[in-house]
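The chains referred to below are lettered A, B, ... by the order of the sequence lines, with proteins before strands, and numbering in each begins at 1. Keep in mind the model is a prediction, meaning the values are calculated, not measured.
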Amino acid sequence: MTVRTRFAPSPTGYLHVGGGRTALFNWLYARRHGGKFILRIEDTDEKRNTEEAHQVIYDGLKWLGLDWDEGPDKGGEFGPYRQSERSDIYAKYLARLELGGHVYEDGGAIRFRSPRKSVVVEDMVCGRIEFDMSNPATHPDMTIRRPDGSWIFHFVNVVDDIEMKLTHVIRGEDHLSNTPKHVELYNALGEKPPVFGHIPLILNHEGKKLSKRDGGSSITYFMEHGYAPEAVVNYLCLLGWSPGDNREKLTMEELLAVFDIDKINRRNAIFDLDKCFWLNGQHILSMSFERFVELAKPFVEKAAIAYGTNESLLAALAIVKPKVKHLSDVPDWIGFLFTEDFSFDSEAVEKSLNKAGAAGRLQALRTTLVNLSEWTHASLEAALKETATALGVKTGELVHPARVAVSGRSVGPGLYEMFVVLGKDRTLARFERASAKAAA
RNA sequence: GACCCUAUCGUCCAGCGGUUAGGACACUGCCCUUUCACGGCGGUAACACGGGUUCGAAUCCCGUUAGGGUCGCCA
C-alpha cells in the first residue's frame with residue numbers, strides 16, 4: 001500500500017505556521033515512505049475564496065520546499081482538488097448514507113445519526129484513545145449539509161480522504177476531539193479509516209493559540225523577514241521533537257533521514273522567535289555561497305541597490321555572508337560598497353573619527369597605502385600594522401577610524417575585506433573625505 | 001459544564017526505575033578578536049502538588065491543581 005498524505009488548508013489568504021508545520025510533517029512522512037503528498041483546498045466557504053488566497057498557500061509551500069504530487073494546479077487521478085468543485089461526489093456519498101438510514105432531515109439541514117457507541121482511535125502520536133459518544137447532549141448529531149445545499153467540513157473532509165485514498169491523516173491536535181465523529185462516518189460508509197496522527201499545537205508566549213497578531217505566525221512573515229526556508233523547516237521540526245543526539249541544526253536531507261512523526265511529543269509548544277532566529281544565522285553561516293546568493297539576491301534587487309556587475313555583487317555578498325543573520329539585512333550590509341553617497345553614523349563618527357589625532361593617523365595610513373604595490377588582504381593587514389607600530393599606537397587606533405572612513409559605521413564586514421572589495425582608488429578617496437570631515 | 005490531551009530550567013527538547021537531572025535558545029562572566037558576529041571555557045536556572053507501588057521514582061499508578069483543545073447549519 002502506497003502511503004498517501006495530504007495538506008488540506010482553507011484559503012484564508014494567510015498560511016499559519018501551524019499549517020506550514022502540518023504540511024511539512026505530512027510531506028516528510030510521504031517522502032520518507034516513498035508515498036504521495038496531496039494538496040487539497042477546502043473552500044466550501046465560498047465567501048472568502050479568492051485566487052490570491054490560493055496563491056498564498058502555493059507560495060508558502062513552495063518557499064518551504066514542499067512539493068505536492070497532486071493538487072488543484074497540478075491535477076491528479078482523484079481530482080478535482082478543490083472542494084467547491086466536488087459537490088457531485090458529496091451528493092453520491094450522501095445517497096449512500098441515506099440508503100443505510102444514517103441521516104435524517106432537521107429544519108432543512110441534513111444530520112448524521114450517531115450510533116452512540118464508544119469509538120476507539122489509535123493515534124500515531126497520542127496512542128489509543130477511547131471516546132464515549134453515548135451522550136447526545138455533549139456529542140450532538142453532526143450536520144453534514146445546510147438547508148441551502150452547501151456541505152459541512154466533517155463530511156466533505158471524510159469523503160475526500162476516502163476518495164483520494166489517503167492512508168495517513170496528520171493534522172493539528174485541535175481535530176482530535178472531532179476524530180470520533182469522522183470515524184463514525186467512515187464506519188457508516190463501510191470504509192476503513194486512515195491512520196490518524198494529531199500533532200501538538202503551536203502557542204504564543206501567553207500560552208494561547210498563535211494568532212495573526214503574533215510575530216512569526218504566518219509563513220509570509222518568514223519569507224519577508226529574511227529567513228532561510230531550511231532554517232524555518234528545521235525550527236518547526238524541533239517544536240515537539242528532537243533527533244535525540246543533541247543536534248539542533250539539521251538540513252532538510254538530515255531531517256528526511258531521521259524525522260519520525262511517532263516520536264513527536266504530545267505537548268503544545270510555545271513558539272520562540274529567538275531560537276528560530278539563531279537557527280537562521282546557523283544555516284546562513286553554513287550554507288553554500290551559491291545558496292546564499294540565491295536567497296539574498298531578491299532582497300538586493302528589491303532594495304534596488306546599484307551593484308553594477310554580477311561579479312561586484314558576488315564580491316560584496318562574499319564578505320557579508322559570515323555576518324548576516326537576516327537575509328533582509330543584506331542590502332543594508334552591502335549598500336555602502338556601491339555608492340559614495342553613503343551615510344555616516346553620527347555615533348560612530350563621534351567615537352572614532354572625531355577622536356583626537358584620528359585625522360592625522362588616517363593621513364599616515366593613507367600615505368602608506370598609496371605606496372602599497374599589492375592590494376590584498378594580507379598586504380593591507382601588514383601595512384596597517386606597520387603603520388600602527390611606526391606611529392606608536394595600537395592597531396585599533398587605526399582600524400576604527402579607517403572602518404568609519406570607508407563604511408560610515410562602526411559595525412560591518414572585516415576591514416581588509418572592505419578595502420579589497422572597494423579597491424585602492426575608492427578606499428583612498430574615502431580616506432581623503434573622512435580626513436576632511438574629521439578635521440572640520 | 002461535559003469529554004479529550006498535556007505537565008522537567010523563562011522557552012524548546014533529552015531522560016523511559018538507581019544520573020552530580022543533560023543539550024539548545026535567551027540572559028550572563030571570561031577568553032579569542034580590527035568592529036560586529038562566529039567560536040571556546042564557565043555561570044544563573046527545572047522534575048506543579050499530594051498520595052501510593054518499590055529497597056529505590058522526574059520516570060509506574062491514582063488524585064488535585066494548572067494549561068490547552070473539542071463540544072457550530074466555521075474550517
Handout entry: Nucleotide nearest K323(A) when distance is taken to its side chain, options U35(B), G68(B), C25(B)
Key = U35(B)
Practice task
Give a yes or no on whether the backbone of G127(A) and the side-chain of D123(A) come within a donor-acceptor separation of less than 3.5 Å.
Solution key: no
Fill in the blank from the handout: With the side chain defined as heavy atoms from C-beta on, W278(A) is closest, among C25(B), A75(B), G23(B), to C25(B)
Problem - Any N265(A) side-chain N or O less than 4.0 Å from OP1/OP2 of C13(B) - result: yes
Exercise for the section: Select base, sugar-phosphate, or nothing to describe what P140(A) touches, counting heavy atoms under 4.0 Å on all strands. Expected result: sugar-phosphate
Handout entry: Whole-angstrom distance between A58(B) and G18(B), as gauged at atom P
Key = 10 Å
Practice task
Rounded to whole angstrom, note down the C1' distance from C49(B) over to C25(B).
Solution key: 29 Å
Practice task
Using a 4.0 Å heavy-atom cut-off across all strands, classify H154(A) as base, sugar-phosphate, or nothing.
Solution key: base
Exercise for the section: To the nearest Å, give me how far apart CG (D329(A)) and P (C36(B)) are. Expected result: 17 Å
Exercise for the section: Please report, rounded to the nearest Å, how far the C1' atom of C13(B) is from the CD1 atom of I202(A). Expected result: 15 Å
Completion exercise
Among the nucleotides C5(B), A75(B), C36(B), whichever has the atom closest to the side chain of I152(A) is A75(B)
Practice task
Using Watson-Crick or G-U wobble geometry with both distances below 3.5 Å, tell me the partner of G1(B), or none.
Solution key: C71(B)
Practice task
With the side chain of K208(A) defined as its heavy atoms from C-beta on, choose the nearest nucleotide among U34(B), G67(B), A75(B).
Solution key: G67(B)
Problem - Which residue lies more 5' along RNA chain B, comparing T143(A) with G414(A) via nearest heavy atoms - result: G414(A)
Exercise for the section: Describe the nucleic acid contact of S177(A) in one word from base, sugar-phosphate, nothing, applying a heavy-atom distance below 4.0 Å. Expected result: base
Exercise for the section: Scan I270(A) against the nucleic acid and name what it touches under 4.0 Å (heavy atoms): base, sugar-phosphate only, or nothing. Expected result: sugar-phosphate
Problem - C73(B) phosphate, OP1 or OP2, under 4.0 Å from R111(A) side-chain N/O - result: yes
Practice task
When you get a sec, tell me which of U34(B), C73(B), G68(B) is the closest nucleotide to the side chain of R146(A)?
Solution key: C73(B)
Exercise for the section: Select base, sugar-phosphate, or nothing to describe what D174(A) touches, counting heavy atoms under 4.0 Å on all strands. Expected result: sugar-phosphate
Handout entry: Lys/Arg cation over aromatic Y29(A): R32(A), 6.0 Å, 45° cone
Key = no
Practice task
Scan G412(A) against the nucleic acid and name what it touches under 4.0 Å (heavy atoms): base, sugar-phosphate only, or nothing.
Solution key: base
Practice task
Indicate yes or no for a side-chain donor-acceptor contact from D141(A) to the backbone of R113(A) under 3.5 Å, with no hydrogens or angles considered.
Solution key: no
Problem - Watson-Crick/G-U partner (both atom distances under 3.5 Å) of G63(B) - result: C49(B)
Handout entry: R403(A), nearest nucleotide to its side chain (from C4(B), G22(B), U35(B))
Key = U35(B)
Problem - G-U wobble or Watson-Crick pairing nucleotide for C9(B) (cut-off 3.5 Å, both distances) - result: none
Exercise for the section: Taking atom C1' in both A21(B) and U8(B), compute the distance separating them and give it to the nearest angstrom. Expected result: 8 Å
Exercise for the section: Would you mind classifying the nucleic acid contact of D245(A) as base, sugar-phosphate or nothing, using non-hydrogen atoms under 4.0 angstrom? Expected result: nothing
Practice task
Mind checking T395(A) for me? I need base, sugar-phosphate or nothing, with any heavy atom below 4.0 Å counting as a touch.
Solution key: nothing
Practice task
Go through C74(B), C13(B), G69(B) for me and flag the one nearest to the L201(A) side chain.
Solution key: G69(B)
Practice task
Have a look at R266(A) and say if it touches a base, only the backbone sugar-phosphate, or nothing, with a 4.0 Å heavy-atom cut-off.
Solution key: sugar-phosphate
Exercise for the section: With RNA chain B as reference, determine whether P413(A) or R247(A) sits nearer its 5' end, using the nearest nucleotide of each. Expected result: R247(A)
Exercise for the section: In whole angstrom, give the distance that lies between atom CD1 of I129(A) and atom P of C5(B). Expected result: 5 Å
Fill in the blank from the handout: Rounded to whole Å, the CG-P distance (L210(A) to G68(B)) equals 14 Å
Handout entry: Same-atom distance (C1') from C60(B) to A24(B), integer angstrom
Key = 29 Å
Exercise for the section: Tell me what E397(A) touches on the nucleic acid: a base, only sugar-phosphate, or nothing, going by heavy atoms under 4.0 Å. Expected result: nothing
Problem - Candidates E248(A), K249(A), H283(A), K325(A) - the one meeting side-chain contact (heavy atoms from CB on, under 4.5 Å) with W278(A) - result: E248(A)
Exercise for the section: Could you check which of A26(B), U34(B), C71(B) has an atom nearest any side-chain atom of E417(A)? Expected result: U34(B)
Practice task
Using the C1' atoms only, state how far G23(B) lies from G17(B), rounded to an integer number of Å.
Solution key: 23 Å
Handout entry: Pairwise C1' distance for U70(B) and C13(B), with rounding to whole Å
Key = 27 Å
Practice task
Quick one: label H198(A) by what it contacts on the DNA or RNA (base, sugar-phosphate, nothing), any heavy atom closer than 4.0 Å.
Solution key: nothing
Practice task
For nucleotides C16(B) and G72(B), find the distance between their C1' atoms and express it as a whole number of Å.
Solution key: 41 Å
Problem - E340(A) side chain reached by R426(A) side chain, heavy atoms, under 4.5 Å - result: yes
Problem - Salt-bridge present (K117(A), D132(A); N to O < 4.0 Å) - result: no
Problem - Pair assignment for U19(B), Watson-Crick or G-U wobble, requiring both distances under 3.5 Å - result: none
Exercise for the section: Work out which heavy atom in R267(A) is nearest to a heavy atom in P200(A); give both atom names and the distance. Expected result: O-CB, 3.0 Å
Exercise for the section: Measure the distance from CZ on R267(A) to C1' on A46(B) and round it to the nearest whole Å. Expected result: 11 Å
Practice task
Salt-bridge test for D106(A) and R111(A): reply yes if a basic N is under 4.0 Å from a carboxylate O, no otherwise.
Solution key: yes
Problem - d(CG, N268(A); C1', C13(B)) in whole Å - result: 15 Å
Exercise for the section: Kindly point out which of C25(B), G22(B), U70(B) is positioned nearest to the side chain of K209(A)? Expected result: U70(B)
Problem - Atom-to-atom span, OH of Y235(A) to P of U11(B) - whole angstrom - result: 12 Å
Problem - Base-pairing mate for C38(B) - Watson-Crick or G-U, with both contacts under 3.5 Å - result: none
Handout entry: G40(B) versus U33(B) - spacing of their C1' atoms, nearest Å
Key = 13 Å
